[in-house]
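Report on the structure given below.
All residue numbers refer to positions in the sequence shown, counting from 1. Side chains are part of it too, since the values below use all heavy atoms of this structure and drop only hydrogens, waters and symmetry mates. Keep in mind the model is a prediction, meaning the values are calculated, not measured.
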Amino acid sequence: MFKNVSYTFNWDSVFEYKQKFIDGFIMTIIISFFALILSFAIGLFFTYAQNSRLLMLRFFSRFYIEIIRGTPLLVQILIFFYVFANNLGFENRYIVGIFILALFAGAYVCEIIRGAIESIDIAQYETSISLGMTNYQMYRYIIFPQAFTRMIPALTGQFASIIKDSSLLSIISISEFTMNAQEVNAYTYSTFESYIPLAIGYLLLTYPISYYTKRLENNIKK
């Protein structure tokens with residue numbers, strides 16, 4: 001099919017900008033790593049909020065989850081950056097980008113954690129109570145260790161999604177992998193030569209995660 005396309009590859013022009021690909025690749029890893037950590041913290045908070053005795057906290061949690069999961073990430077990036085961040089005086093677009101990505105992923109992480117906790121058999125709760133454990137002790141020593149084992153595969157899959165979703169941060173001029181590939185394309189007018197390495201780079205980042213996710217799932221089933 002590539003032969004049928006009347007296109008002459010010119011890799012030499014793109015190779016001159018190899019450092020931009022490397023820098024973008026590393027920046028994508030950094031952004032994704034910190035976004036994953038922050039999204040896990042956000043997910044934990046909203047998991048707790050959903051089961052809170054405070055009605056307003058439960059309402060706010062559901063509102064956040066439905067809004068984030070029901071709207072496109074691209075729109076969220078534009079609104080959070082150009083409306084909220086600018087008005088609040090946050091000028092570091094990298095920190096803002098990480099926070100936006102974490103907010104988006106946090107809604108999904110919240111549902112992953114909630115689903116894992118609710119999958120624990122009710123007998124585990126009853127046994128913990130009969131032993132005189134407090135709620136903190138029950139979740140700390142009985143419920144959460146079991147739930148964490150079950151949520152690991154889904155969390156690693158979410159990490160792969162965060163890596164791919166980080167490409168949308170190029171719309172606010174964050175010099176991650178996609179943004180740098182677009183710049184190389186603008187400099188060289190070599191579209192395929194710019195975007196094929198981009199696809200390979202994302203595959204190198206996400207395939208190991210997908211591979212080990214499947215291994216974790218198999219080990220848990222055993």
Answer yes or no: is there a donor N or O on one side and an acceptor on the other, between the side chain of [X] and the main chain of [Y], under 3.5 Å?
{"X": "S13", "Y": "N10", "value": "yes"}
{"X": "R62", "Y": "Q50", "value": "no"}
{"X": "Q137", "Y": "T134", "value": "yes"}
{"X": "E176", "Y": "M179", "value": "yes"}
{"X": "Y94", "Y": "I174", "value": "no"}
{"X": "E111", "Y": "A107", "value": "no"}
{"X": "S190", "Y": "E193", "value": "no"}

Residue pairs fulfilling side-chain hydrogen bond (donor to acceptor under 3.5 Å, both in side chains) with at least one residue in residues 19-42, sequence neighbours excluded: Q19-D23, K20-E183
Shared hydrophobic cluster for [X] and [Y] (ILVMFWY, side-chain gaps under 4.5 Å):
{"X": "L155", "Y": "F159", "value": "no"}
{"X": "I67", "Y": "V75", "value": "no"}
{"X": "V83", "Y": "V96", "value": "yes"}
{"X": "I37", "Y": "I98", "value": "yes"}
{"X": "Y125", "Y": "I113", "value": "yes"}

Verdict with reasoning, R150 to S119, per side-chain hydrogen bond (donor to acceptor under 3.5 Å, both in side chains): CA-CA 9 Å; R150 300 182 184 186; S119 70; 3.0 Å; yes
What are the two closest non-hydrogen atoms of [X] and [Y], and how far apart are they?
{"X": "I68", "Y": "L103", "result": "CG2-O, 3.8 Å"}
{"X": "S173", "Y": "R93", "result": "O-CD, 3.5 Å"}
{"X": "S52", "Y": "R58", "result": "O-NH1, 2.8 Å"}
{"X": "V184", "Y": "V14", "result": "CG1-CG1, 4.1 Å"}
{"X": "L205", "Y": "I163", "result": "CD1-CG2, 3.8 Å"}
{"X": "P153", "Y": "T156", "result": "O-OG1, 2.7 Å"}

[X] atom [atom1]: more than 12 heavy-atom contacts under 6.0 Å:
{"X": "Y82", "atom1": "OH", "answer": "yes"}
{"X": "E91", "atom1": "CD", "answer": "no"}
{"X": "Y64", "atom1": "OH", "answer": "yes"}
{"X": "F21", "atom1": "CZ", "answer": "yes"}
{"X": "F45", "atom1": "CZ", "answer": "yes"}
{"X": "Y195", "atom1": "OH", "answer": "yes"}

To the nearest 0.5 Å, tell me how far [X] [atom1] sits from [Y] [atom2].
{"X": "I142", "Y": "S128", "atom1": "CD1", "atom2": "OG", "value": "4.5 Å"}
{"X": "L131", "Y": "E126", "atom1": "CG", "atom2": "CD", "value": "12.0 Å"}
{"X": "I171", "Y": "F81", "atom1": "CD1", "atom2": "CZ", "value": "11.0 Å"}
{"X": "R114", "Y": "L44", "atom1": "CZ", "atom2": "CG", "value": "14.0 Å"}
{"X": "I117", "Y": "I112", "atom1": "CD1", "atom2": "CD1", "value": "12.0 Å"}
{"X": "I77", "Y": "S166", "atom1": "CD1", "atom2": "OG", "value": "9.0 Å"}

Derivation and outcome, side-chain hydrogen bond (donor to acceptor under 3.5 Å, both in side chains), residues T71 and Q76: CA-CA 7 Å; T71 57; Q76 294 173 29; 2.9 Å; yes
Which of parallel (below 30°), tilted (30 to 60°) and perpendicular (above 60°) describes [X] and [Y]?
{"X": "F46", "Y": "F60", "answer": "tilted"}
{"X": "F84", "Y": "F80", "answer": "tilted"}
{"X": "Y202", "Y": "F177", "answer": "tilted"}

In the structure I gave you, are the side-chain heavy atoms of [X] and [Y] within less than 4.5 Å of one another anywhere?
{"X": "L168", "Y": "L101", "value": "no"}
{"X": "T188", "Y": "Y17", "value": "yes"}
{"X": "E16", "Y": "D12", "value": "no"}
{"X": "F104", "Y": "I162", "value": "no"}
{"X": "I42", "Y": "V109", "value": "no"}

Result of checking I30, L38, I31 against F34 for side-chain contact (heavy atoms from CB on, under 4.5 Å):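 It is I30; the other options fail the test.
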side-chain hydrogen bond (donor to acceptor under 3.5 Å, both in side chains) against S210, all qualifying residues, sequence neighbours excluded: none
Those residues that, when tested against N185, pass side-chain hydrogen bond (donor to acceptor under 3.5 Å, both in side chains) (two or more places apart):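 Once residues adjacent in sequence are excluded, the partners of N185 under the side-chain hydrogen bond (donor to acceptor under 3.5 Å, both in side chains) criterion are T191.
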Test side-chain contact (heavy atoms from CB on, under 4.5 Å) applied to F40 and L36, step by step: CA-CA 6 Å; F40 186 74; L36 177 70; 5.8 Å; no
